[in-house]
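To start, the structure itself, in structure tokens.
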Amino acid sequence: MRRRPSPWESKRIAANTNGLSSSRWRRLALSELCRFMSRKNSTPLEADATSILLLLLIFSASVSDSVGEDLLGVCYGELGYDLPPISTTIKLLKELHADAVRLYDANPSVLTGLRGTGLGVIISMLDSELKDVGQNPSTADSWVKKYVSPFYPSTRITYVVVGNEILSPDTVDEFGPYLVPAMWNVYYALADRGLQDHIKVVAPLSGDILGTSWPPSEGAFIQLNYVYPLLQFLEYTKSKFFINFHPYYAHRMNPVQVPLDYAVFSKTEPEFVDRYTGLPYYNLFDAMIDATYSAMVDIGINKVGVAVGETGWPTAGGYGASARTVQLYIRNLIQHIQRAGTPNRPKERVPVFLFSLYNENEKIVAETERNWGMFHPNATKVYDVDFDTVNSDL
């Protein structure tokens with residue numbers, strides 16, 4: 001019979017992991033477990049039983065509690081010419097000290113490369129797959145069988161994203177009716193494998209889903225016929241509401257009403273005080289997140305947290321785009337989300353995925369859209385960024 005760790009051993013573990021965030025602890029545990037399992041001619045009986053037990057306890061706890069713990073991730077788009085191999089990408093993510101990575105597909109070679117890294121991984125279902133998955137549970141099951149089962153848990157998949165900004169004007173008519181049915185079908189496919197508490201199903205929406213965002217206490221959604229069932233699903237499955245939010249666009253469209261210091265967390269005095277709550281707002285990020293909370297409460301959704309599926313700032317190609325500004329935005333954003341939540345919910349920290357890892361030079365869009373990356377496709381830096389130089393406990 002395996003013995004439990006003694007109180008002294010528990011204190012030793014706590015001492016040795018003091019200062020590590022939960023995600024860092026998890027990555028360390030996973031790395032050590034993978035290293036042990038890869039040793040030649042080794043079995044659990046040959047190693048110290050207590051060490052193995054403690055390692056497995058850490059790993060088990062991290063898997064069961066992994067969802068929602070990753071505070072800071074990076075979006076990894078692949079619409080670039082001659083992008084680096086996944087091994088280089090992983091090296092860059094580790095150098096950045098990212099907790100997680102968001103993929104815009106479920107590329108098996110990328111998922112294979114992410115094995116054993118300990119990074120949280122968000123995989124995505126393409127918009128083109130959504131209709132069939134929404135209509136056919138068997139298609140959802142096949143999708144999970146192909147893109148989840150062969151990789152989890154060695155690749156620490158935490159979320160399955162169903163489409164991206166599906167309720168936007170150019171896609172809502174075609175895909176809107178299938179969005180929530182597809183989410184349920186993926187959820188049931190995960191549940192059939194006992195994974196529904198470890199891998200959550202989400203559907204990121206554009207910040208434009210807020211028809212009213214000012215003042216934050218009066219936040220309200222559009223497309224309620226689709227948004228309400230989506231939020232009911234998230235509340236039932238204990239998932240987060242992912243919203244893509246880019247203060248850059250608000251500043252570019254109206255630099256007078258949305259001044260730069262308000263957009264990049266640089267104000268030292270409130271930009272405004274919500275006349276209904278009396279809460280001061282120093283940055284647009286908080287105002288939008290609190291407007292989202294208010295919009296959910298207004299329709300009876302009280303237990304769904306918010307995560308930002310994309311946020312960033314371009315370095316070139318348009319008004320207000322510069323490396324200096326994006327450095328300021330990212331530095332201040334990371335400091336802000338690490339410190340606390342929003343004025344309305346100060347104890348609820350908001351996970352954020354920074355957009356994006358690479359400049360995607362194959363996007364057939366405006367020049368600005370090709371210049372959101374931290375790195376060029378050749379893996380050289382567009383600008384200097386290191387999440388740990390901003391905050392050592394992310």
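- Contact annotation: the side chain of Val304 never approaches that of Lys240 to less than 4.5 Å [non-hydrogen atoms, C-beta and beyond].
- Judged by distance alone, with hydrogens and angles left aside, the side-chain atoms of Thr292 form a donor-acceptor pair with the main-chain N or O of Met288 at under 3.5 Å.
- No continuous path of ILVMFWY side-chain contacts below 4.5 Å connects Ile289 to Val273, so the two sit in separate hydrophobic clusters.
- Ionic pairing of Arg156 and Asp70 is present here: one or more N-O contacts between side-chain nitrogen and carboxylate oxygen are shorter than 4.0 angstrom.
- A donor-acceptor contact shorter than 3.5 Å is absent between the side chain of Ser213 and the backbone of Leu210.
- A donor atom on one side chain and an acceptor atom on the other are found under 3.5 Å apart for Ser217 and Asp274.
- Panel note: side chain Thr155, backbone Ile157; no donor-acceptor pair is recorded below 3.5 Å.
- Between Met374 and Val74 there is a side-chain heavy-atom pair separated by less than 4.5 Å.
- There is a side-chain donor-acceptor pair under 3.5 Å between Thr325 and Ser322.
- Using a 4.5 Å cut-off between side-chain heavy atoms of Ile, Leu, Val, Met, Phe, Trp and Tyr, with links allowed through other members, Phe272 and Tyr293 fall into the same hydrophobic cluster.
- Put simply, the side chain of Lys200 gets close to the backbone of Thr237: a donor and an acceptor are under 3.5 Å apart.
- Residues Val382 and His376 share a closest heavy-atom pair of CG2-N, 3.5 Å.
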Q: Please test Glu165 against Asn244 for side chain to side chain donor-acceptor pair (under 3.5 Å), starting from the C-alpha separation and ending with a verdict.
A: CA-CA 8 Å; Glu165 300 187 351; Asn244 298 339; 2.9 Å; yes
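- Judged by distance alone, the side chains of Asp290 and Tyr281 do bring a donor and an acceptor atom under 3.5 Å apart.
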Q: Check the pair Ser138, Asn136 against side chain to side chain donor-acceptor pair (under 3.5 Å), reporting the backbone distance first and the verdict last.
A: CA-CA 5 Å; Ser138 61; Asn136 301 296; 5.3 Å; no
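- What you find for Pro377 and Pro84 is that their closest heavy atoms are O-CD, 2.9 Å.
- Taking the centre of each ring, Phe285 and Phe265 come in below the 6.0 Å mark.
- Nearest heavy atom pair, residue Tyr248 against residue Gly320, reads CE1-C, 4.0 Å.
- When the shell of 6.0 Å around CD of Gln257 is examined, it contains 12 or fewer heavy atoms from other residues, nucleotides or ligands.
- Taken from OH in Tyr104 to CD1 in Ile123, the straight-line distance is 14.5 Å, to the nearest 0.5 Å.
- By the 4.5 Å heavy-atom criterion applied to side chains, Val308 and Phe353 are not counted as neighbours.
- Aromatic ring centres of His246 and Trp313 lie farther apart than the 6.0 Å criterion allows.
- Of the inter-residue distances, the one linking Asp286 atom CG with His336 atom NE2 reads 3.0 Å to the nearest 0.5 angstrom.
- Remark: the Asp141 side chain and the Asn185 side chain contain no N/O donor-acceptor pair separated by less than 3.5 Å.
- How far CG of Leu167 is from CG of Leu205: 5.0 Å, rounded to the nearest 0.5 Å.
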Q: Report the C-alpha separation of Leu111 and Leu103 in whole Å, then their side-chain angles, then the decisive distance to 0.1 Å, and conclude whether the side chain to side chain contact (heavy atoms under 4.5 Å, CB included) test is met.
A: CA-CA 9 Å; Leu111 293 175; Leu103 312 180; 3.9 Å; yes
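- Distance check, rounded to the nearest 0.5 Å: CH2 of Trp184 to CG of Leu179 gives 13.0 Å.
- Note on Val297: it does not cluster hydrophobically with Tyr276, by side-chain heavy-atom contacts below 4.5 Å among ILVMFWY residues.
- Across all their heavy atoms, Ile166 and Val162 have their closest contact at CG1-O, 4.4 Å.
- Residue Tyr319 is not grouped with residue Val326 when hydrophobic side chains (ILVMFWY) are merged at heavy-atom distances under 4.5 angstrom, including chains of intermediate members.
- A donor and an acceptor atom, one from each side chain of Thr268 and Tyr282, are nowhere located under 3.5 Å apart.
- Without hydrogens or angle criteria, Glu218 side chain to Thr212 main chain gives no donor-acceptor distance under 3.5 Å.
- The CG atom of Asn107 sits 5.5 Å away from atom CD of Glu78, with the distance rounded to the nearest 0.5 Å.
- Using modelled atom types, one finds no donor on one side chain facing an acceptor on the other under 3.5 Å when comparing Ser168 with Asp170.
- Residues Tyr236 and Gln232 bring no donor and acceptor atom of their side chains to less than 3.5 Å of each other.
- Not less than 6.0 angstrom separates the ring centroid of His251 from the ring centroid of Tyr262.
- Side chains of Thr342 and Asn344: a donor-acceptor N/O pair is absent below 3.5 angstrom, by distance only.
- Side-chain heavy atoms closer than 4.5 Å link hydrophobic residues (I, L, V, M, F, W, Y) into clusters, and following such links, even through other members, never connects Val121 to Leu126.
- Proximity of Val227 to Ile222: side-chain heavy atoms (C-beta onward) are nowhere separated by under 4.5 Å.
- For the residue pair Tyr329 and Thr311, a side-chain donor N or O sits within less than 3.5 Å of a side-chain acceptor on the partner.
- Counting all heavy atoms, side chain and backbone alike, Ala140 lies closest to Val133 at CB-CG1, 3.7 Å.
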**Q.** Intermediate values then yes/no, side chain to side chain contact (heavy atoms under 4.5 Å, CB included), Cys75 and Leu354
**A.** CA-CA 6 Å; Cys75 299; Leu354 298 175; over 6 Å; no
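- In this structure, Ile337 and Arg349 approach most closely via the heavy-atom pair O-CD, 3.2 Å.
- Between the side chain of Asp127 and the main chain of Asn164, a donor-acceptor pair closer than 3.5 Å is present.
- Counting only heavy atoms from C-beta outward, the side chains of Tyr76 and Arg102 never approach each other to under 4.5 Å.
- Between Trp372 and Tyr383, the gap from one ring centroid to the other reaches at least 6.0 Å.
- Two rings, from Phe242 and Tyr159, have their centers less than 6.0 Å apart.
- Counting heavy atoms from C-beta on, the side chains of Leu96 and Leu357 come closer than 4.5 Å.
- You'll find the side chain of Ile199 stays beyond 4.5 Å of the side chain of Thr158, heavy atoms only.
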Q: Applying side chain to side chain contact (heavy atoms under 4.5 Å, CB included), run through Met296 and Leu231 and close with a yes or a no.
A: CA-CA 8 Å; Met296 289 195 288; Leu231 292 170; 3.7 Å; yes
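- A 4.5 Å side-chain heavy-atom check between Arg193 and Lys145 finds at least one atom pair inside the cut-off.
- Remark: Leu93 CG to Thr89 OG1 distance equals 6.5 Å, nearest 0.5 Å.
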Q: Begin from the C-alpha positions of Leu190 and Asp192 and carry the test side chain to side chain contact (heavy atoms under 4.5 Å, CB included) through to its verdict.
A: CA-CA 5 Å; Leu190 291 169; Asp192 286 344; over 6 Å; no
